[in-house]
Amino acid sequence: MSPRKILIVDDDQKIRSLLKTYLEKNQYEVLLAHDGASFMAEFERHRDEISLCILDVMLPDTEGFTLCQSVRRRSEVAVIMLTASADETDRIVGLELGADDYLGKPFNPRELLARIKAITRRTGQEKTREPRYYAFNGFTLDLLERSLVDPDGTATALSGMDFQLLKLLVEHPGEVLDRSRLAEVTRGRDLGPLDRSLDVQVSRLRQRLQDDGKQPALIKTVRGSGYVFSTTVTPRHAP
């Protein structure tokens, strides 16, 4: 999910154009829809990339309230409702259906921008969401389940230290990780000059990854430095 991709639905073409121009000047990526059907099509197409939806209450084919319910059944993405009605009931209904904020028309684009920033700060979406899965060489590491799925589809639970070591490696493919950093992450302490525990741990992880200990292709030793995860890694939010 991109923290700066916003989907807007409004049947007023002038408002859509105004918001797109203004928000893009503030480094947001904007997707537009003119009715409920086009909104849901865009939402499904870009669901994993959108961080915020702006919904007009009155649309030609549906109500923004109905769209808000549909979004909430599918996602925790932030929602701001827009309405030309002065009736406070609309605001209450929108919030009860899961909207994060509400803004009456006409409105100042600067106020909308301020509310967008407030919501993203509050929900932590200015930070990049950490992927759940890392795929490499037929394996998939699941950060939530703390398990490793091999190319045959068999899942294996990892020990705490094995999980921390593999997680650090897949998050930094191609980067030489020195022994002290690996030891700090996996064991919480520095290694003594004769301490070979990290090497034993790496050897055990190589076995899990079916990586030849004599000529490893995945976890390679960098003499005098540490180890490097030498393969392509693909982070994903969905399996």
Side-chain angles (χ1 to χ4, degrees), residues 1-133 143-144 235-239:
M1 176 174 62
S2 169
R4 304 191 71 84
K5 182 172 284 191
I6 297 173
L7 174 57
I8 300 172
V9 57
D10 197 299
D11 63 345
D12 188 319
Q13 193 274 333
K14 290 184 178 179
I15 290 179
R16 293 198 305 271
S17 297
L18 170 68
L19 293 181
K20 181 176 177 63
T21 299
Y22 185 78
L23 293 174
E24 286 181 344
K25 285 182 179 179
N26 285 275
Q27 286 73 57
Y28 287 90
E29 184 177 348
V30 179
L31 303 173
L32 297 176
H34 63 277
D35 60 14
S38 60
F39 169 84
M40 290 309 304
E42 286 294 288
F43 182 79
E44 292 297 342
R45 189 176 299 118
H46 301 279
R47 184 193 304 188
D48 292 336
E49 307 164 31
I50 297 168
S51 66
L52 187 139
C53 294
I54 298 175
L55 311 178
D56 186 20
V57 170
M58 299 301 296
L59 295 167
D61 58 344
T62 188
E63 288 187 328
F65 300 132
T66 302
L67 296 182
C68 186
Q69 286 180 304
S70 297
V71 168
R72 276 290 160 264
R73 284 195 293 267
R74 295 166 170 79
S75 171
E76 292 301 315
V77 64
V79 173
I80 295 178
M81 306 288 294
L82 301 178
T83 184
S85 172
D87 190 347
E88 189 179 45
T89 301
D90 279 359
R91 179 177 64 84
I92 295 172
V93 170
L95 295 174
E96 287 178 342
L97 292 175
D100 297 271
D101 206 346
Y102 199 94
L103 194 58
K105 293 181 177 180
F107 57 87
N108 188 320
R110 289 181 61 187
E111 181 180 1
L112 177 62
L113 178 62
R115 291 179 183 237
I116 291 171
K117 290 181 177 180
I119 288 174
T120 52
R121 281 197 303 268
R122 186 168 67 246
T123 60
Q125 289 174 350
E126 292 292 1
K127 299 177 181 178
T128 303
R129 188 176 59 153
E130 182 181 65
R132 174 175 172 178
Y133 304 94
L143 299 189
L144 183 61
R236 298 199 305 261
H237 295 289

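One is the number of the first residue; the rest follow in order along the sequence.
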Problem set entry | Straight-line distance of Ile80 CD1 to Phe107 CZ, nearest 0.5 Å | 9.5 Å

For this session: Take Asp10 and Lys105, measure what side-chain contact (heavy atoms from CB on, under 4.5 Å) needs, and give me the verdict at the end.
Result: CA-CA 12 Å; Asp10 197 299; Lys105 293 181 177 180; 2.8 Å; yes

Exercise. Can you tell if the side chain of Tyr102 reaches within under 4.5 Å of the side chain of Val57, non-hydrogen atoms only?
Worked result: yes

Exercise. Is there a donor-acceptor pair closer than 3.5 Å between any side-chain N or O of Thr21 and the backbone N or O of Ser17?
Worked result: yes

Exercise. What heavy-atom pair brings Asp100 and Ala78 nearest, and what distance separates the two atoms?
Worked result: OD2-CA, 3.2 Å

For this session: May I ask you to decide if Val77's main-chain N or O and Arg72's side chain share a donor-acceptor pair within less than 3.5 Å?
Result: yes

Problem set entry | CE/Met58: more than 12 non-hydrogen atoms of other groups inside 6.0 Å | no

For this session: Check whether any side-chain heavy atom of Ser70 sits under 4.5 Å from a side-chain heavy atom of Phe43, and report yes or no.
Result: no

For this session: Tell me, please, which residues at least two apart from Arg115 pass salt bridge (charged side-chain N to carboxylate O under 4.0 Å, His left out).
Result: Asp101, Glu111

For this session: May I ask you to test the Phe65-Thr83 pair for a side-chain heavy-atom distance under 4.5 Å?
Result: no

Exercise. Can Leu31 and His46 be said to form a side-chain contact (heavy atoms from CB on, under 4.5 Å), step by step?
Worked result: CA-CA 9 Å; Leu31 303 173; His46 301 279; 3.6 Å; yes

Exercise. Do any N or O atoms from the side chain of Glu24 and from the backbone of Tyr22 form a donor-acceptor pair under 3.5 angstrom?
Worked result: no

Exercise. Which distance, rounded to the nearest 0.5 Å, do you find between the CZ of Arg132 and the CG of Leu143?
Worked result: 8.5 Å

Problem set entry | Heavy-atom pair with the smallest gap, counting every atom of Lys20 and Val30 | NZ-O, 3.3 Å

Problem set entry | Euclidean distance, Leu18 CG relative to Leu112 CG, rounded to 0.5 Å | 9.5 Å

For this session: Would you check if Asp61 and Phe39 make a side-chain contact, meaning some heavy-atom pair closer than 4.5 Å?
Result: no

Exercise. Between NZ of Lys117 and CG of Leu52, what distance do you get to the nearest 0.5 Å?
Worked result: 13.5 Å

For this session: Could you tell me whether Arg16 and Asp35 have a side-chain N and a carboxylate O separated by less than 4.0 Å?
Result: no

For this session: Determine the minimum heavy-atom distance between Leu23 and Ile116, stating which atoms define it.
Result: CD2-CD1, 3.9 Å

For this session: Kindly give the heavy-atom pair with the smallest separation between Met81 and Cys68, and that separation in Å.
Result: SD-CB, 4.2 Å

Exercise. Any side-chain heavy atom of Asp56 sitting closer than 4.5 Å to one from Ile15?
Worked result: no

Problem set entry | Gap between atom CG of Leu55 and atom CG of Leu82 - 0.5 Å precision | 8.0 Å

For this session: Taking salt bridge (charged side-chain N to carboxylate O under 4.0 Å, His left out) as the test, write out the residues that go with Glu63, two or more places apart.
Result: none

Exercise. Say you draw a straight line from OG1 of Thr66 to CE of Met40; how long is it, rounded to the nearest 0.5 Å?
Worked result: 11.0 Å

